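Working notes, beginning with the structure itself.
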Amino acid sequence: MIRTRFAPSPTGYLHIGGVRTALFNWLFARKHGGQFLLRIDDTDAQRNVEEALAPILHGFRWLGIDWDEGPEVGGPYAPYYQSQRMDNYRAAAAKLVAAGFAYYDYATTEEIQAEREAAEREKRQFTYSRRWMAETDADRQRFEREGRAAVVRLKMPREGTLVLDDLVRGRVEFDWAREQDHVVQRADGTCLYHLASVVDDFDFQISHVIRAEEHLSNTPRQVFIAQGLGYPRPQYAHLPYVAEPGSRNKLSKRKLDKYLKNADFAKVNEHGQRIAAALGLATSAETFNPVIVDFYEQVGYLPDAIVNYLLLLGWSLDDKTEDFSRSEMIAAFSLDRVNKAPASFDPAKLAAFQERHMQRLPAKQKVAFVLPFLQRAGIVSSPPPCDIGPKLLALVDAAGDRIKVAGDILEYADFLAPADKLEYDEKALEKRIAKPPEAMPLLKKFREVLAATEPFDAPTLDRALHQFVEREQIQIGQIIHAIRVAVTGKAVGFGLFETLALLGRECSLNRIEQTLDRIESPAPSPQPPAAILPPSAAP
RNA sequence: GGCCCCGUCGUCUAGCGGUCUAGGACACCGGCCUUUCACGCCGGCAACACGGGUUCGAGUCCCGUCGGGGUCACCA
């Protein structure tokens with residue numbers, strides 16, 4: 001039976017690199033009909049575990065990465081929190097000592113540190129002298145009488161070679177003599193990660209340990225622990241880590257300033273910030289940025305797009321397949337096609353996947369996806385008015401590919417709740433209406449046409465405008481841009497006829513009138529009347 | 001510094017000795033379509049880190065150099 005696990009420590013957020021590791025574990029288990037479980041590595045920080053864990057579990061659920069055993073779902077080997085399994089680790093430590101694979105060590109940190117420094121001065125590798133190792137109960141008593149306290153150290157072999165057959169990296173060798181007598185149990189009796197991890201992996205019957213590359217050098221000591229305890233050795237697969245955009249350094253949550261200098265990263269971030277602002281979201285860089293999964297949920301990415309992108313970050317099927325549904329990726333995944341070199345996280349490519357997935361989303365689903373964003377922004381009430389369905393459908397239809405993430409709908413809120421007063425793009429207003437002499441008279445005339453057009457829908461409006469253009473003997477460009485600016489205030493937008501139909505007759509007519517008024521009798525504006533040029537630039 | 005890992009376009013990658021004058025995707029740059037924007041379509045730019053071997057033949061195998069990274073805690 002194939003069983004894999006992902007072991008987050010409760011940090012309060014889900015990191016994109018962590019998700020990639022979890023995804024590969026999940027995929028591998030699903031592919032082979034095995035189980036994927038979540039174990040919580042909270043041996044160190046005990047405070048607020050529940051609170052710091054919630055966003056992580058939420059993130060996995062949102063992404064559709066489900067776990068068969070672990071927090072909130074339980075399982076036959078519960079509990080799945082390391083902080084609740086300390087007794088097991090202590091028993092294992094004792095067993096290791098009894099079997100001669102570990103020992104009680106009474107050295108103080110200072111003494112160890114002194115040995116380490118001496119080794120460094122003499123330019124030789126540090127190997128603990130085991131001077132304070134207790135070999136007998138008499139030793140222990142003697143040390144304790146001196147007021148010393150014991151930690152448990154691994155009694156690592158000092159010769160020989162460990163050969164590891166890693167499922168991703170192939171054969172890797174380590175000299176045992178390079179390994180240190182690592183501490184597995186602290187003086188206060190609590191146990192450390194490596195011991196805990198090995199014990200749990202055995203207790204949970206983990207068959208494949210699939211984890212990030214940074215654990216590769218930790219593997220010898222874990223293998224040693226497992227051997228000492230008489231456990232079978234799980235299969236190891238060390239994944240390359242996820243690197244920073246445009247570099248080979250490991251992606252970290254703390255180097256945002258640096259990433260922001262990357263144009264693509266900055267663009268994705270800025271897009272997200274804009275949406276967050278429209279939603280009234282309080283965003284701290286700590287928890288709201290493109291390295292944190294929550295960012296994408298808040299902004300309105302599709303989980304499938306993220307998972308699809310992450311799948312290809314370090315794995316590929318062949319030379320062209322890029323789009324995978326969940327079932328396709330489960331069927332296609334294999335560890336031997338995992339790349340060995342680190343892959344840098346490219347938010348621009350993630351955005352491209354998002355775009356494609358969004359395009360494929362059926363209109364009705366897109367409406368359902370987008371609605372909560374409108375509600376959160378206070379544009380649509382909750383529960384929504386009963387006629388919202390067709391309205392939104394028309395809007396989403398007119399918007400087409402322009403809605404790349406769900407939050408983009410907020411850009412078009414004006415169609416759902418038309419503003420009393422338009423905000424104008426002044427340059428567009430000038431260029432399309434104020435400046436061309438024919439624009440205002442044409443707008444006035446066309447306004448009359450609009451008043452009479454029946455029905456007020458896109459195809460009919462289209463016909464009406466073309467007839468108008470023919471009658472007036474003008475180029476369509478002379479009027480169409482003017483209309484757009486007059487009814488939306490902006491130079492860019494949906495197809496014009498969809499725009500008019502969406503606004504409706506009354507609103508369209510009002511806005512044209514409003515715009516004309518504005519130009520004919522400009523309101524006393526707080527803005528200076530003309531551009532102020534620096535003296536040197538004056539003609 | 002020791003040990004370990006890695007090294008194909010800016011980025012993700014295909015390539016498992018000849019079919020590679022190195023393929024695809026994202027980004028970028030042109031053009032087309034078009035009432036704007038977006039989409040779409042067409043085209044372009046752009047890589048085997050370097051040096052030695054092995055071989056009839058090397059991006060592909062071996063060695064070295066260089067470069068990058070990871071790890072060396074009573075953190076996980």
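The sequence lines fix the lettering, A, B, ..., with proteins before strands; numbering per chain opens at 1. These numbers were taken from a predicted model, which means no experiment stands behind them.
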Which residue lies more 5' along RNA chain B, comparing A149(A) with A343(A) via nearest heavy atoms
A343(A)
What contact category does R39(A) fall into here, base, sugar-phosphate, or nothing, at under 4.0 angstrom with non-hydrogen atoms?
nothing
Using only side-chain N and O atoms of R153(A), determine if any of them is under 4.0 Å from OP1 or OP2 of rA73(B).
no
Nearest-angstrom distance from the residue atom CD of Q125(A) to C1' of rG1(B)
12 Å
Minimum-distance nucleotide to S344(A) side chain [options: rG70(B), rC12(B), rU35(B)]:
rC12(B)
Among rU36(B), rC12(B), rG2(B), which nucleotide sits nearest the side chain of L313(A)?
rC12(B)
Quick one: is N249(A) getting a side-chain N or O under 4.0 Å of the rG69(B) phosphate, OP1 or OP2?
yes
If you check every side-chain atom of H481(A), which of rU35(B), rA14(B), rC74(B) has the closest atom?
rU35(B)
Assert yes or no for the condition that the ring centre distance of F345(A) to Y259(A) is strictly below 6.0 Å.
no
N or O in side chain of R248(A) less than 4.0 angstrom from rC12(B) OP1/OP2:
yes
Side chains of R178(A) and Q125(A): any donor to acceptor distance under 3.5 Å?
yes
How many Å lie between NE2 on H194(A) and C1' on rA73(B), as a whole number?
9 Å
Checking all strands, does E120(A) fall into the base, sugar-phosphate, or nothing category for heavy-atom contacts under 4.0 angstrom?
nothing
Ignoring hydrogens and geometry beyond distance, is a side-chain donor-acceptor pair present between R186(A) and T190(A) at under 3.5 Å?
yes
Examine rG69(B): is either OP1 or OP2 under 4.0 Å from a nitrogen or oxygen in the side chain of K250(A)? Give yes or no.
no
Rounded distance (Å) that lies between atom P of rU11(B) and atom CG of D346(A)
10 Å
Indicate, with a heavy-atom threshold strictly under 4.0 Å, whether D188(A) touches base, sugar-phosphate, or nothing.
nothing
Would you check if there is a donor-acceptor pair between the side chains of D200(A) and Y89(A) at a distance under 3.5 Å?
yes
Look at all strands and tell whether V172(A) reaches a base, only sugar-phosphate, or nothing, counting heavy atoms closer than 4.0 Å.
sugar-phosphate
Watson-Crick or G-U counterpart of rC66(B), or none if no pair lies under 3.5 Å
rG7(B)
Where the side chain of E322(A) is defined as all heavy atoms beyond and including C-beta, which of rA76(B), rA25(B), rC6(B) is the nearest nucleotide?
rA25(B)
Any luck finding a side-chain donor-acceptor pair between D181(A) and Y103(A) under 3.5 Å?
yes
Which one, rA76(B), rC28(B), rU13(B), comes nearest to the side chain of K267(A)?
rC28(B)
With a 3.5 Å cut-off and just heavy-atom distances, do the side chain of K349(A) and the base of rA27(B) make a donor-acceptor pair?
no
Once you round it to whole Å, what is the distance between C1' of rG7(B) and CD of E213(A)?
12 Å
R186(A) vs rC75(B): side-chain N/O to OP1/OP2 distance below 4.0 Å:
yes
How is K404(A) classified with respect to the nucleic acid when contacts are heavy atoms under 4.0 Å: base, sugar-phosphate, or nothing?
sugar-phosphate
Return the pairing partner of rG2(B) with a 3.5 Å limit on both distances, Watson-Crick or G-U wobble; otherwise return none.
rU71(B)
What does F126(A) touch in the nucleic acid at a heavy-atom separation under 4.0 angstrom: a base, only the sugar-phosphate, or nothing?
nothing
Nucleotide nearest F497(A) (side chain, heavy atoms from C-beta), chosen from rU35(B), rC6(B), rC75(B):
rU35(B)
Let me know the distance between NE2 of H238(A) and P of rG70(B), rounded to the nearest Å.
15 Å
From rC6(B), rU35(B), rA76(B), pick the nucleotide closest to the side chain of L496(A)?
rU35(B)
How about S129(A) and E115(A): does a side-chain donor come under 3.5 Å of a side-chain acceptor?
yes
Counting only Watson-Crick pairs (N1-N3 plus N6-O4 or O6-N4) and G-U wobbles (N1-O2, O6-N3), all under 3.5 Å, who is the partner of rC61(B)?
rG53(B)
Given the P atoms of rC48(B) and rC42(B), what is the spacing between them in whole Å?
28 Å
Looking at the side chain of Y241(A), which of rC3(B), rC74(B), rG69(B) is the nearest nucleotide?
rG69(B)
Students often get this wrong, so: under 4.0 angstrom with heavy atoms, is A187(A) touching a base, only sugar-phosphate, or nothing?
base
Would you please classify the geometry between the F143(A) ring and the Y106(A) ring as parallel, tilted or perpendicular, with 30° and 60° separating the classes?
parallel
Scan R402(A) against the nucleic acid and name what it touches under 4.0 Å (heavy atoms): base, sugar-phosphate only, or nothing.
base
For rG70(B) and S217(A) - does any side-chain N or O of the residue sit under 4.0 Å from the phosphate oxygens OP1/OP2?
no
Have a look at G400(A) and say if it touches a base, only the backbone sugar-phosphate, or nothing, with a 4.0 Å heavy-atom cut-off.
nothing
Distance check needed: rC37(B) P versus E498(A) CD, whole Å only.
16 Å
In whole Å, what separates the P atom of rC45(B) from that of rU60(B)?
25 Å
Which part of the nucleic acid, if any, lies within contact of F494(A), taking any heavy atom under 4.0 Å across all strands shown: a base, the sugar-phosphate backbone alone, or nothing?
base
OP1 or OP2 of rC6(B) less than 4.0 angstrom from a side-chain nitrogen or oxygen of N339(A), does that happen here?
no
Have a look at G495(A) and say if it touches a base, only the backbone sugar-phosphate, or nothing, with a 4.0 Å heavy-atom cut-off.
base
Could you state the atom-to-atom distance from CZ of R484(A) to C1' of rU34(B) in whole Å?
11 Å
Counting heavy atoms from C-beta on, name the nucleotide in rA27(B), rC74(B), rU35(B) closest to the side chain of V151(A).
rC74(B)
So E214(A), base contact, sugar-phosphate only, or nothing? Heavy-atom distance under 4.0 Å.
sugar-phosphate
What nucleotide, of rC74(B), rC39(B), rG24(B), holds the atom closest to the side chain of Q359(A)?
rC39(B)
Here the distance between atom C1' of rC3(B) and atom CD of E179(A), to the nearest Å, is 8 Å
Scan every strand shown for a Watson-Crick or G-U wobble partner of rC33(B), both distances under 3.5 Å, and answer none if you come up empty.
none
Mate of rU21(B) where both pairing distances stay under 3.5 Å, Watson-Crick or G-U
none
rC5(B) versus rG43(B) - spacing of their C1' atoms, nearest Å:
41 Å
With RNA chain B as reference, determine whether A348(A) or R171(A) sits nearer its 5' end, using the nearest nucleotide of each.
R171(A)
Is the F373(A) ring parallel, tilted or perpendicular to the F369(A) ring (thresholds 30°, 60°)?
perpendicular
Ring geometry between F497(A) and H466(A) (parallel below 30°, tilted from 30 to 60°, perpendicular above 60°)
tilted
Report which part of the nucleic acid D401(A) touches: base, sugar-phosphate, or nothing (heavy-atom distance under 4.0 Å, all strands).
sugar-phosphate
With a 6.0 Å cut-off on the ring centroids, do W315(A) and F333(A) count as close?
yes
Atom P, compared across rG44(B) and rG67(B): separation rounded to whole Å:
37 Å
Atom C1', compared across rA22(B) and rC32(B): separation rounded to whole Å:
30 Å
What does H182(A) touch in the nucleic acid at a heavy-atom separation under 4.0 angstrom: a base, only the sugar-phosphate, or nothing?
nothing
